[in-house]
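Input: a single structure, listed below in structure tokens.
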Amino acid sequence: YDRRYFDRWYRHPSHRIGSAADLERQVTLAVAMAEMVLGREVESVLDVGAGEGRWQPVLQRLRPGSRYAGIEPSEWAVSRWGRRRNLRVGDLTTLDQLGLDGPFDLVVCADVLHYLPTPMLRRGLPMLAEQVGGLAFCPLFTIEDQIDGDREEFQRRRATTYRRLFAAAGLEPVGMHGWVPASLAEDLATLERGG
């Protein structure tokens, strides 16, 4: 993932996926869901597959003083944005090697998982789950969905496959791309759970 990739999918008017307003809504939703689970304001966020760390400035506006850490495999993105947005090189399967100060109130893994091979998900999702102190927000697409955008390396999986992989990692669905540790799911009302 180099500068051309990020320019195409984040900035080019005819290829860009999502506007600044879309991003604001997504971050606001994730923060609100995490705060409902926690019963307090979000204080820490881990963003896995952070790209350029676009969530960081939005989070700082919503929750000034909250701690943000972004993990991104693109050396270009980290060299360009790392210092300003607290990004470091890594990926889903290296979370246990990065010395993260978790668990985090909110763990974000947006538009990443549907590009990763299944063995990588099996190894990495338990590491991600260990970092979740409140909510994991993991927007992803299945073969049942209509998708726009980058289809290169898209993994054609069913929703049931993702549910099994998340369950094996100890995370339960709460709807709208949200997942919570099984220990927290016990405290939720039946209809708050995604089932």
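The structure presented is a predicted model; accordingly, all values stated were derived computationally and were not measured.
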Problem set entry | Exam field: side chain Thr93 to backbone Gly124, donor-acceptor pair closer than 3.5 Å | no

Output side-chain donor-acceptor pairs under 3.5 Å for residues 172-183, partner residues at least two apart or in another chain, one line each.
none

Exercise. Between Ala50 and Gly70, which heavy-atom pair has the shortest distance, and what is it?
Worked result: CB-CA, 3.9 Å

Exercise. For Met120 and Leu92, which heavy atoms make the closest approach, and how far apart are they?
Worked result: O-CD2, 4.1 Å

Exercise. Considering only heavy atoms from C-beta outward, does the side chain of Leu140 approach that of Arg157 to under 4.5 Å?
Worked result: no

Exercise. Any link between Leu87 and Phe104 through a network of hydrophobic side chains (Ile, Leu, Val, Met, Phe, Trp, Tyr) touching at under 4.5 Å?
Worked result: no

For this session: May I ask whether Leu135 and Val112 are part of the same hydrophobic cluster, defined by side-chain heavy atoms of I, L, V, M, F, W, Y residues being less than 4.5 angstrom apart, directly or through others?
Result: no

For this session: Run the numbers on Arg25 and Thr28 for side-chain contact (heavy atoms from CB on, under 4.5 Å), then give the verdict.
Result: CA-CA 5 Å; Arg25 280 189 290 277; Thr28 301; 5.7 Å; no

Problem set entry | Linked, directly or transitively: Leu116 and Leu98 (ILVMFWY side chains, under 4.5 Å) | yes

Problem set entry | Atom pair CG (Leu59) and CZ (Arg67), whose distance is rounded to the nearest 0.5 Å | 12.5 Å

Seminar exercise, completed: Residues Val42 and Val31: closest non-hydrogen pair is CG2-O, 4.0 Å

Problem set entry | Pair Asp47 + Arg54, salt bridge at N-O below 4.0 Å | no

Exercise. How about Arg123 and Asp96: do any of their side-chain heavy atoms sit closer than 4.5 Å?
Worked result: no

Exercise. So how far is it from Leu128 CG to Leu46 CG, rounded to the nearest 0.5 Å?
Worked result: 7.0 Å

Exercise. Heavy atoms, side chains only, cut-off 4.5 Å: are His114 and Thr142 in contact?
Worked result: no

Exercise. Side chains of Glu52 and Arg80: closer than 4.5 Å at any heavy-atom pair?
Worked result: no

Exercise. Val132 and Leu184: side-chain contact (heavy atoms from CB on, under 4.5 Å), yes or no, with the steps?
Worked result: CA-CA 10 Å; Val132 181; Leu184 292 180; 5.9 Å; no

Exercise. Is there a chain of hydrophobic side chains (I, L, V, M, F, W, Y, each step under 4.5 Å between heavy atoms) that links Val89 to Ile71?
Worked result: no

Exercise. Is there a side-chain contact between Leu95 and Leu100 (heavy atoms, below 4.5 Å)?
Worked result: yes

Problem set entry | Interatomic spacing from CD in Gln131 to CG in Leu106 - rounded to 0.5 Å | 12.5 Å

Problem set entry | Interatomic distance, Leu62 atom CG to Trp55 atom CH2 [nearest 0.5 angstrom] | 10.0 Å

For this session: Identify the heavy atoms of Asp91 and Pro73 that sit nearest to each other, and give their distance.
Result: CB-CB, 4.4 Å

For this session: Answer yes or no: is there a side-chain heavy-atom contact under 4.5 Å between Leu113 and Leu125?
Result: yes

For this session: Answer yes or no: is there an ion pair linking Glu144 with Arg158, defined by an N-O contact shorter than 4.0 Å?
Result: yes

Exercise. With the threshold set at 4.0 Å, does a side-chain nitrogen-carboxylate oxygen contact exist between Glu72 and Arg85?
Worked result: no

Problem set entry | Minimum heavy-atom distance between Gly53 and Tyr68, given as atom pair plus value | CA-OH, 3.6 Å

Exercise. Nearest heavy-atom pair of Ser44 and Asp105: which atoms, and what distance?
Worked result: OG-N, 3.0 Å

Exercise. Do Cys138 and Phe166 touch side chain to side chain, with heavy atoms closer than 4.5 Å?
Worked result: yes

For this session: Mark yes when over 12 heavy atoms from residues, nucleotides or ligands other than Arg156 sit less than 6.0 Å from its CZ; otherwise mark no.
Result: no

For this session: Could you tell me the separation between the CZ atom of Phe137 and the CG atom of Leu29, rounded to the nearest 0.5 Å?
Result: 5.0 Å

Exercise. Taking the hydrophobic residues Ile, Leu, Val, Met, Phe, Trp and Tyr, and joining any pair whose side-chain heavy atoms are under 4.5 Å apart, which ones share a cluster with Met36?
Worked result: none

Exercise. Can you tell me if Gln97 uses its side chain to pair, donor with acceptor, with the backbone of Thr94 under 3.5 Å?
Worked result: no

